[in-house]
Amino acid sequence: MAGIREFGDVRAAIRRVGTGTWDRFAASDPGLLRLMAGLRTVAAIALTLVALALLGTHVTYMVAGAMTAMVSTFAVKEKQVRGQAITLALGLPVALAAMALGALLHAQVIVGDAVFVALIFGAVYSRRFDDRGTALGLIGFQIYFVSLFVGADVSTLPVLCLTLAIAFACSAVVRFALVPEAPAHVLRRLRKAFRARLAQLVASQIELLDAGPEQLDKVLDELRRRTARLHEAALMIQDRLEEGTPDAATAALLQRRVADAEIATERLGMLLLNARSAERADTLTLHLPNAPVPASRKPVPAEADTTGTLRRDLNALHLLVTRTAFDDRGTAVAHVRNRLLGYRDEDGVPKASTAVQDVFRGIGEAARSVLGLRLALDGPQDESDDTPATTRSREEFDAEDVSLGGAEEPEEETRTGLRRPTTRAAFQVTVGSVLAIIGGEFLSTQRWYWAVLTCWVVFLNTSSTGEILVKGYRRLIGTVLGVVAGVLLAGLVGNHTWIAFALVLLFIFAMFFTAPLSYAFMSFFVTAMLGLLYTLLNTYSSALLVLRIEETALGAACGIIAAVLVLPVHTDRRTDELLGTVLDKLGDVVSASVEQLSGGPASDLLTKARDLDTALDELRASTQPLTHPISPLRGRRRTVRYLVALLETCAYHARSLAATAELLPHSKTVAADPRLDRAGRRIAHNIEVIAAYVQDEGAGRTVTSGASIASMLKTDGSDALPSGTVTSRVLRHLQRLDEGVAGLARPLDVPVADRADAKAVRV
């Protein structure tokens, strides 16, 4: 019996290790999107190669088939299966037409180049027609490129067309049968990734509680990173809700629960930092890399036992996050949940300093959010062991569920003519491609298309000159390193065809797996793969790979020149536009939240908050050229980082206000406070002034500072705020938001009224 028990313990330990490893992997790749994209592409190529090998196809056609299978797989980005099938079906005739053009114009250099340029313009312009237009344009351009790569002509056209048809058929088999991409399955994996990242964040908070002064910097960096990754997973879920849920009500429910869990856990981290700091920590500490770490305070003797209780309860919260409803049998999860939810009642909070008591309250709110997340993800659960605190939380969830409904998408401004990004990019890429063709012909009359391909690629998913410059730089670095790897691999592989194909598949998987993480890594794997393809085609030489570096540098330079000279969108202008959008969204969230907290009508605050998050993510991406290490303006780099971090801090407090306001109509313990409207008007006024200055329309206006939010709300001269209102829950968020918005004025050179002037300003 002892041996059986030991064997069972070993199996359980192995299962825990395996589960923990998989959870970490799932957290690093939310929804397994990168893994599935790589597997889907590699499987399509492998199936195509097997089919062509069984038909006795020449290696040249196998290379063409492999490249076509890759293009037809990664080009299709639609989320619905039906849409994917339609796009793939339309893609085949587009691919056949592109291959036919390439073969017929094989000997017509000038006409062929003109057609290639026209294809480039059409491929970029077609991005205005959503995912399907983008996919068809990409397929047309890439297959014409394949025809140039394999030297297609009229005599080989029939076999190449058959090869294309086989590649598309294999891509369809893999996409719809072997490695399917159903929206509901993707959303389910994203939900698991969110749970895993939530558990990682709680684990970092436990480390924060125990970290010594010499470890605090490292732990705080990890806390920042995991907070950002949790936010990323929440946004990815938001992006998949519409397609992955059966109706709008279910989507709204899941959105609410995910937002609650994210906000409550992020707030718990801030409360922990406050509890172990000599002074209240600035929220900016969680959003600004390399921010000063607050001085740690020594716990007083009365709190020695409290630290152990905090550690126990944080571990209990981690247990709640990691356990699903199906794992609850035979465990004390219900008891743990009830104990943590008891901290939502003032009578259940242990005696300690105010900062430590806030942490216990934060644990209670985080436990409530985890309960809501479990109900949304795992369905109804056993209520037989519920305490009154747990029952109250369930009743609040039931009241919220009744009020949830689908959110209407706001209409976006439609830009026309050359103001439309796709039209502008089409002209820019076309001009850059013409320059790349001319320059590429001087370097090589056979391989000039590498310069064109680089020019095309640096424009994808970029919106400003700075972004194009950084992307071109990364592609060149990856290409140089890839050439070195290609030289080494070509010498090792020699004439071993199937070993070369196996390495090609490995590099393609790595290319798709690393693409969202690092464009330089992706370029490295692409170039190393091309070295192997040239080996298969018996055209490999070291000089050829050196030529690729030259063509890549030329293509990147042509793209940058076109971006600077043709309808340029300077990085400053782009970031100013996005900054204005972020400020507008921030003002919408704050105004609507404070209105509801003051007793006004309810509105869809979480959708507004997610719109703010999306706009902030776009701003963060657009500022990368300004914060990149190659940027020579170091002072400006620090200013931009500070500004973005300050906006992230404001967004965090705005999300918290929205989440609290959403709870207010269903709460049985707190009531609205009309006095909050005054504080909200001052914050909204300051946001409006800053947004006006960003748009060069704020002359003569100033940001208002002055009395703290708390003093503005005290109308009877007493120091204590009346209990029974929502004020005590949102006061800190309002104060930090007021300070954060006022803090935006300095880096943006917006005038701030001093305290004397502020008294005369009505808000």
Do you know the tightest heavy-atom contact between L612 and V582? CD1-O, 3.6 Å

Is there a side-chain contact (heavy atoms from CB on, under 4.5 Å) between L273 and L223? Walk through the geometry before answering. CA-CA 11 Å; L273 194 58; L223 188 69; 5.9 Å; no

Atom CG of L235 and atom CZ of F194: how far apart are they, to the nearest 0.5 Å? 10.0 Å

With sequence neighbours left out, write down each residue that passes salt bridge (Lys or Arg N to Asp or Glu O under 4.0 Å) with D617, or none if nothing qualifies. R620

Look up atom CD in Q255 and atom OG1 in T245, then write down how far apart they are to the nearest 0.5 Å. 10.0 Å

Below 4.0 angstrom, N of the basic side chain to O of the carboxylate: do K608 and D611 qualify? no

Output yes when D576 and R573 qualify as a salt bridge under the 4.0 Å nitrogen-oxygen rule, no when they do not. no

Salt bridge flag under 4.0 Å for residues K585 and D588: no

I'd like to know if the side chain of Q596 and the backbone of S603 have a donor-acceptor N/O pair within less than 3.5 Å. yes

With distance as the sole test, does Q205 use its side chain to make a donor-acceptor pair with the main-chain N or O of T265 at under 3.5 Å? yes

To check you understand the geometry: which heavy-atom pair defines the closest contact between R197 and R229, and what is its length? NH1-O, 2.6 Å

Decide, yes or no, whether a salt bridge links D677 with R681 under the criterion of side-chain N to carboxylate O below 4.0 Å. yes

With sequence neighbours excluded, tell me which residues meet side-chain hydrogen bond (donor to acceptor under 3.5 Å, both in side chains) with R226. S204, E222

Give a yes or no answer on whether the side chain of N686 reaches the backbone of T704 with a donor-acceptor pair at less than 3.5 Å. yes

Working to the nearest 0.5 Å, report the span between NZ of K79 and CG of L187. 11.5 Å

Can you list the steps and then say if R361 with D358 is a salt bridge (Lys or Arg N to Asp or Glu O under 4.0 Å)? CA-CA 5 Å; R361 296 185 186 99; D358 284 343; 2.8 Å; yes

Distance col, row H231:NE2 vs I263:CD1, nearest 0.5 angstrom, shows 10.0 Å

If you compare all heavy atoms of Q695 against all heavy atoms of D584, which two are closest, and at what distance to 0.1 Å? NE2-OD2, 4.1 Å

From OG (S656) to CD (E262), nearest 0.5 Å: 9.5 Å

Separation between CG of L373 and CG of D260, rounded to the nearest 0.5 Å: 9.0 Å

Does some side-chain heavy atom of V359 sit less than 4.5 Å from a side-chain heavy atom of L268? yes

